[in-house]
Amino acid sequence: MTPPVTGRPGRDRKATRYEAPPGYPDTGHLRQRPRVAVVGGGIAGLAAAAALSERGVEVRLLEREPQLGGRVAGWTTTLADGSVAGMNRGFHAFFRQYYNLRGLLRRADPALARLRPVEDYPLLHREGFRDSFARLPRTPPWNALAFVAHSPSFTFGDLARLGTRAAIPLGQVRVPRTYGQLDDLDADAFLAQIRFPRRARHLAFEVFSRSFFAEPTQLSAAELATMFHIYFLGSSEGLVFDVADDCFSRALWDPLAAHLRRCGASVRTGTSVERVERGGTRRWAVVHRTGTEPPERTEVDGVVLALDVRGLRAVVDSSPDLGDDDWRRRVGRLRTAPPFLVSRFWLDRPVHPARAPFLCTSGFGCLDNISVLERYERTARDWSRRTGGSVVELHSYALRGEPDVERLRQGVLGELRRVYPETGAAGVVDERHEIRDDCPLFPPGGFTDRPPVRTPDPFVTVAGDLTRVDLPVALMERAATSGFMAANVLLGEWGVHGHDLWSVPQGGRWPLLDRLEYVRPAPRRHRTAAPARAEVARDAAVPVREVPAGQPGQRPVERSS
Ligand SMILES: Cc1cc2nc3c(=O)[nH]c(=O)nc-3n(C[C@H](O)[C@H](O)[C@H](O)COP(=O)(O)OP(=O)(O)OC[C@H]3O[C@@H](n4cnc5c(N)ncnc54)[C@H](O)[C@@H]3O)c2cc1C
């Protein structure tokens with residue numbers, strides 16, 4: 001039923017495959033078909049639901065919101081002019097190195113026809129620097145060298161001035177080792193330590209760090225280094241990414257929900273899980289409520305908690321039977337990044353034809369990026385053709401204080417008019433705004449404290465981008481990977497064959513650099529460093545220690561050939 005990823009999942013010959021735990025092909029050998037509640041219908045929950053139902057597990061997917069997709073949700077909305085338009089939780093870049101996420105999407109769209117490439121991803125700085133990733137070679141180190149050759153903000157002189165000893169971890173990222181080296185530093189301090197030029201900071205921050213919705217001083221340097229590795233220095237998939245060709249519900253999740261149902265899963269949206277408790281006839285029971293209906297209780301053999309930070313903490317708080325004290329405290333310590341705004345404007349005039357589908361901005365007040373949706377979204381393109389207008393989406397991250405929509409709206413529109421002056425004359429036909437604060441924060445020192453996929457109960461697992469995953473994966477790909485891992489843990493308990501996973505290679509691509517020992521040059525402890533249990537080395541004078549493995553690794557079996 002599953003179209004397996006045969007051969008290489010991308011163009012990178014060094015991509016690594018992690019062999020699925022062996023076992024029976026499905027649950028047919030068991031006296032009773034196991035039933036699993038997957039709580040949360042974001043990417044992690046959808047991956048777990050697919051992986052389980054394809055092996056014959058009876059899946060009950062329960063999602064609180066009216067639509068699937070979580071932070072990648074989309075829906076339709078009726079505009080003031082009567083047209084039906086798409087709306088998303090916000091622009092998402094589907095990178096080619098998101099092997100497990102793409103494997104998930106292939107279940108409903110084998111050729112990934114609903115994704116389309118965005119060839120460039122320019123970065124515009126207020127002071128006039130403009131960097132571009134178009135037409136760069138994809139393979140390291142040629143990608144980095146070509147980038148430096150063209151970049152106005154990071155030159156060969158800057159490269160020569162880099163603190164090479166301090167920058168060693170960037171060239172040899174291995175998870176979890178990199179967290180042992182850098183997790184107690186914040187991203188800002190690390191870039192200062194390696195003498196990353198100040199005018200090029202926007203490159204690192206806008207492309208990588210701001211994707212975490214946090215200020216660089218609030219983000220772990222290890223997380224930043226891992227991002228550099230995944231997207232640039234450790235992978236030859238390139239920085240070119242794909243985007244969905246319509247609002248996410250239509251392009252991605254409705255087709256995937258149809259696949260789940262074909263595999264026998266029950267998919268319920270608008271259904272909030274209140275608690276998980278010991279079961280009567282089966283091991284666990286999940287108590288959930290749909291709208292104003294009375295709560296229902298579903299007995300299950302296993303649970304995947306694929307929630308966002310607040311959802312997970314709330315369910316764990318009201319479920320005293322879950323986990324042990326240590327695990328519950330770790331969940332309780334998870335934090336969310338500051339709020340962010342996603343605004344869509346339907347304008348009565350078009351933006352200039354040369355405008356990129358997606359532009360990152362830096363130094364333009366509260367504005368972080370601009371998407372021009374008729375360049376890639378079907379419903380936006382139809383609207384634009386019909387009306388002669390443009391649909392733009394504006395993001396503003398890491399908001400301070402209580403967000404005020406009206407003030408923010410004025411702010412982002414004002415900045416849009418500075419970056420794209422032609423929009424100054426445009427009227428707003430309609431607009432939608434989403435202010436949320438549901439992205440996990442990855443603070444310095446937080447890695448070893450994050451809950452891994454396994455919990456103290458072998459039949460309860462956690463999935464999501466908030467989990468600790470000991471592979472070079474981040475954001476959507478961490479969500480998908482952890483969802484498959486959670487399913488594999490449960491399938492393993494029932495003796496059923498799991499699903500193979502892939503990642504960009506661990507370690508550097510240059511054997512010599514990989515052998516260099518990192519000794520932190522200048523002792524610097526982060527003020528808020530590391531929770532009590534963190535095993536991350538903080539002694540700057542000696543080589544850092546390894547962070548112990550946090551979870552059942554799937555054995556890397558091969559680099560694809
Ligand atoms: C604006 C924006 C832009 C982004 N851009 C990118 C990008 O370009 N590239 C990238 O890789 N990542 C990006 N991300 C991050 C990416 O969206 C996340 O990493 C990913 O979607 C996380 O998926 P998840 O399944 O772990 O969590 P979520 O998507 O948060 O899913 C958790 C689900 O649990 C549900 N839930 C919560 N409580 C309950 C309950 N009690 N009962 C039932 N259900 C419940 C929630 O409604 C939600 O659907 C972006 C995020 C945002 C917000």
Side-chain angles (χ1 to χ4, degrees), residues 44 71 169 173-191 193 205 208-230 305 307-313 316 323 325-340 397-398 437-455 462-475 477-479 481-482 485 520 524-540 544-551:
R71 272 168 275 154
V173 166
R174 270 177 207 283
V175 181
R177 182 184 70 179
T178 297
Y179 286 83
Q181 294 172 322
L182 297 178
D183 196 43
D184 64 329
L185 270 182
D186 67 59
D188 199 42
F190 175 65
L191 291 180
Q193 199 171 74
F205 293 157
F208 303 115
S209 142
R210 296 286 291 218
S211 323
F212 289 103
F213 300 88
E215 295 295 349
T217 49
Q218 286 190 295
L219 176 73
S220 155
E223 205 71 30
L224 181 73
T226 304
M227 297 284 271
F228 264 99
H229 176 80
I230 295 170
L305 297 169
L307 301 150
D308 50 14
V309 167
R310 236 175 247 115
L312 178 63
R313 286 173 47 180
V316 170
D325 288 349
D326 175 53
W327 181 82
R328 297 174 66 82
R329 274 197 294 269
R330 288 167 79 161
V331 170
R333 283 195 289 264
L334 290 169
R335 292 286 170 269
T336 50
F340 52 89
Y397 303 141
D437 60 347
D438 50 4
C439 289
L441 185 67
F442 301 107
F447 179 72
T448 51
D449 211 33
R450 278 187 229 162
V453 168
R454 278 188 193 272
T455 75
V462 181
D465 62 353
L466 54 78
T467 52
R468 172 179 168 172
V469 174
D470 286 4
L471 293 177
V473 289
L475 299 168
E477 179 66 352
R478 188 182 292 149
T481 306
S482 63
M485 289 171 88
R520 187 177 295 179
R524 180 183 165 124
R525 284 154 203 249
H526 196 274
R527 277 191 298 280
T528 59
R533 288 192 69 264
E535 292 118 330
V536 180
R538 295 185 197 94
D539 189 342
V544 290
R545 284 186 281 129
E546 291 289 314
V547 174
Q551 54 205 7

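Considering every non-hydrogen atom in both Asp465 and Pro440, the closest pair reads OD1-CG, 3.4 Å. Nearest approach of Asp186 to Pro444, heavy atoms of both residues: CB-CG, 3.7 Å. The minimum heavy-atom distance linking Gln181 with Asp184 is given by the pair O-OD1, 4.3 Å. Of all non-hydrogen atoms in Arg478 and Val469, the two that sit nearest each other are CG-CG2, 3.8 Å. When all heavy atoms of Pro451 and Leu334 are compared, the closest pair comes out as CD-CD2, 3.8 Å. When all heavy atoms are compared, the tightest approach of Thr336 to Arg310 is OG1-NH2, 3.4 Å.
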Residues Asp470, Tyr179; criterion side-chain contact (heavy atoms from CB on, under 4.5 Å); working and verdict = CA-CA 10 Å; Asp470 286 4; Tyr179 286 83; over 6 Å; no

Please lay out, stage by stage, how Trp327 and Val462 fare under the test side-chain contact (heavy atoms from CB on, under 4.5 Å).
-> CA-CA 11 Å; Trp327 181 82; Val462 181; 3.7 Å; yes

List the steps, then state whether side-chain contact (heavy atoms from CB on, under 4.5 Å) holds for Leu224 with Leu191.
-> CA-CA 10 Å; Leu224 181 73; Leu191 291 180; 4.0 Å; yes

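Evaluation of the side-chain contact (heavy atoms from CB on, under 4.5 Å) rule for Pro443 yields Leu441 as partners, not counting sequence neighbours. By the side-chain hydrogen bond (donor to acceptor under 3.5 Å, both in side chains) test, Ser482 is found to be paired with no residue, residues two or more places apart in sequence or in another chain being considered. Looking at residues two or more places apart in sequence or on another chain, you find a side-chain hydrogen bond (donor to acceptor under 3.5 Å, both in side chains) between Ser220 and Asp183. The salt bridge (Lys or Arg N to Asp or Glu O under 4.0 Å) test applied to Arg328 returns no partner, not counting sequence neighbours. Listed by chain and residue number, Glu223 satisfy the salt bridge (Lys or Arg N to Asp or Glu O under 4.0 Å) test with Arg450 (two or more places apart in sequence, or in another chain). Applying the side-chain hydrogen bond (donor to acceptor under 3.5 Å, both in side chains) criterion to Arg174, with sequence neighbours excluded, gives Asp514.
Taking OG1 from Thr226 and CG from Leu471, the interatomic distance works out to 11.0 Å, rounded to the nearest 0.5 Å.
Checking each of Leu185, Leu182, Asp188 against Gln193 for a side-chain contact (heavy atoms from CB on, under 4.5 Å) leaves exactly one that passes, namely Leu185.
One N or O on the side chain of Arg335 and one on the backbone of Gly332 form a donor-acceptor pair closer than 3.5 Å. A donor-acceptor pair under 3.5 Å links the side-chain atoms of Thr467 to the main chain of Gly464, judged by distance alone.
Judged by the 6.0 Å distance and 45° axis criteria, Arg71 is not positioned over the aromatic ring of Phe340.
Taking the side chain as every heavy atom from C-beta outward, Pro452 and Met485 never approach each other to under 4.5 Å.
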